[in-house]
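Report on one structure; see the data block that follows.
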Number of protein chains: 2
Amino acid sequence: MLLDIAEVARRSGLAPSALRFYERRGLIESSGRNGLRRTYDAGTLGRLALISCARLAGFSLAQIGRFLVATPSDTVLRARMAERAEELDQEISRLTRMRDSLRHAAICTHTPLVECPEFKARIEGIDPSRTP
Amino acid sequence: MLLDIAEVARRSGLAPSALRFYERRGLIESSGRNGLRRTYDAGTLGRLALISCARLAGFSLAQIGRFLVATPSDTVLRARMAERAEELDQEISRLTRMRDSLRHAAICTHTPLVECPEFKARIEGIDPSRTP
DNA sequence: CCTTGACTTGAACTGCACTTCAAGTGGCAC
DNA sequence: GTGCCACTTGAAGTGCAGTTCAAGTCAAGG
């Protein structure tokens with residue numbers, strides 16, 4: 001099943017220009033052409049989902065390109081993957097706290113919002129309802 | 001207790017140039033000068049921690065600037081905060097899966113790593129050790 | 001066949017978060 | 001007092017991930 005660029009863009013949530021950019025960078029490839037127009041097989045959607053996840057995780061496109069072709073013998077790259085996994089672990093904690101702070105800020109009555117003790121406590125990961 | 005720019009940079013993990021940039025953007029302010037040199041009070045470190053968290057959470061500096069002065073009557077802004085909290089919830093899930101995939105990739109024997117079924121399953125959030 | 005609209009291209013541009021530069025200043029240690 | 005080094009400034013530059021532009025092409029529908 002072949003998809004045109006508009007369909008891949010629609011289903012991936014990426015702009016056509018981004019798809020062309022990624023192709024130029026070697027991250028994806030079109031499987032053929034209908035006239036001049038790119039056609040993609042359905043596997044491209046999975047590839048784009050992975051790219052989007054990796055971007056969200058803070059990888060640059062250059063890095064993503066390298067990971068996409070990495071093999072078990074790429075020991076330096078794998079070390080970097082492991083390292084980034086641990087960094088992500090910490091970032092996930094921070095983001096969770098940020099999420100909680102934002103939820104609180106959305107209902108808080110303190111002025112300014114960011115000076116609210118509970119906002120601050122949530123950013124720092126302190127549970128203010130508990131006293132040590 | 002006053003800190004100089006080098007000390008704030010060291011403790012915040014940000015470059016001096018970034019601190020000057022943030023000051024120009026109104027995100028932080030120095031509390032005074034020692035000669036020409038900026039001095040900061042310790043509260044600046046907390047402010048910078050918040051800014052770093054917000055950047056990690058995907059907010060632009062312009063947005064962060066607005067949040068820093070937001071009050072409970074800023075209803076549009078608060079709606080945006082709540083909305084972003086929910087987006088973050090989903091991103092946290094995705095990042096958790098990415099972390100798990102990377103951990104797996106670091107030890108996997110599949111070539112190329114990203115085509116490993118378990119790698120893919122972890123990205124998609126499927127537990128491959130369980131069959132539905 | 002004709003028309004239309006969405007594709008194509010390469011290169012220039014944009015937005016954002018910084019960083020660097022070059023010339024000057026001045027705190028502070030000796 | 002002297003000298004060194006890290007600060008200062010404003011403006012230009014950098015890196016990155018795209019986007020837009022202008023001119024051309026062509027698939028597909030009527």
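Residue numbers begin at 1 in each chain, while the letters A, B, ... track the order of the sequences. Computed from a predicted model, the values in this text were never measured in an experiment.
- The shortest distance between the side-chain N/O atoms of B/Tyr22 and the OP1/OP2 oxygens of C/dA17 is not below 4.0 Å.
- Inter-residue side-chain proximity for B/Arg122 and B/Glu118 is flagged as met; some heavy-atom pair is nearer than 4.5 Å.
- Residue contacts for B/Ala62: at a heavy-atom cut-off of 4.0 Å it reaches no nucleic acid atom on any strand shown.
- For B/Arg55, the side-chain atoms get nearest to C/dA17 when compared with the rest of C/dC7, C/dT20, C/dA17.
- In this structure, the side chains of A/Arg38 and A/Val8 stay at 4.5 Å or more apart for every pair of heavy atoms.
- Residues B/Arg55 and B/Ile51 form a side-chain contact, since some pair of their non-hydrogen atoms from C-beta on lies under 4.5 Å apart.
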Take B/Glu115 and B/Lys120 through the test salt bridge (charged side-chain N to carboxylate O under 4.0 Å, His left out) and record every step on the way to the result.
CA-CA 7 Å; B/Glu115 293 299 336; B/Lys120 291 182 170 192; 3.1 Å; yes
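- The closest side-chain heavy-atom distance from B/Ile28 to B/Leu19 is below 4.5 Å.
- Summarising the geometry, the separation between CG on B/Leu19 and C1' on C/dC18 is reported as 12 Å, rounded to the nearest angstrom.
- The CZ atom of B/Arg24 sits 14 Å away from the P atom of C/dT20 (whole-angstrom rounding).
- When all heavy atoms are compared, the tightest approach of B/Thr111 to A/Pro72 is OG1-CD, 2.9 Å.
- Using a 4.5 Å cut-off on side-chain heavy atoms (C-beta onward), B/Arg103 and A/Glu86 make contact.
- Computed from coordinates, the B/Ile64 CD1 to C/dC16 P distance equals 13 Å when rounded to whole Å.
- Nearest-nucleotide positions on DNA chain C for A/Glu7 and B/Ser17 put A/Glu7 closer to the 5' end.
- Heavy atoms of A/Asn34 sit under 4.0 angstrom from primed sugar atoms or phosphate atoms, though from no base atom.
- The residue among A/Gly35 and A/Arg25 whose nearest nucleotide of DNA chain D lies closer to the 5′ end is A/Arg25.
- Straight-line distance from the CZ atom of A/Arg10 to the P atom of C/dA6: 15 Å, rounded to whole Å.
- Note on B/Arg20: a base of the nucleic acid sits closer than 4.0 angstrom, heavy atoms only.
- The distance from atom CG of B/Leu36 to atom P of C/dG27 is 7 Å, rounded to the nearest whole Å.
- Within the 4.0 Å cut-off from OP1 or OP2 of C/dC28, not a single side-chain nitrogen or oxygen of B/Arg37 is found.
- Judged by closest nucleotide on DNA chain D, B/Ala6 is the one of B/Ala6 and A/Leu61 placed further toward the 5' end.
- Atom pair B/Phe59:CZ and C/dC16:P shows a separation of 15 Å (rounding to whole Å applied).
- The footprint of chain A on DNA chain D, defined by a heavy-atom cutoff below 4.0 Å, extends from D/dA17 to D/dA28.
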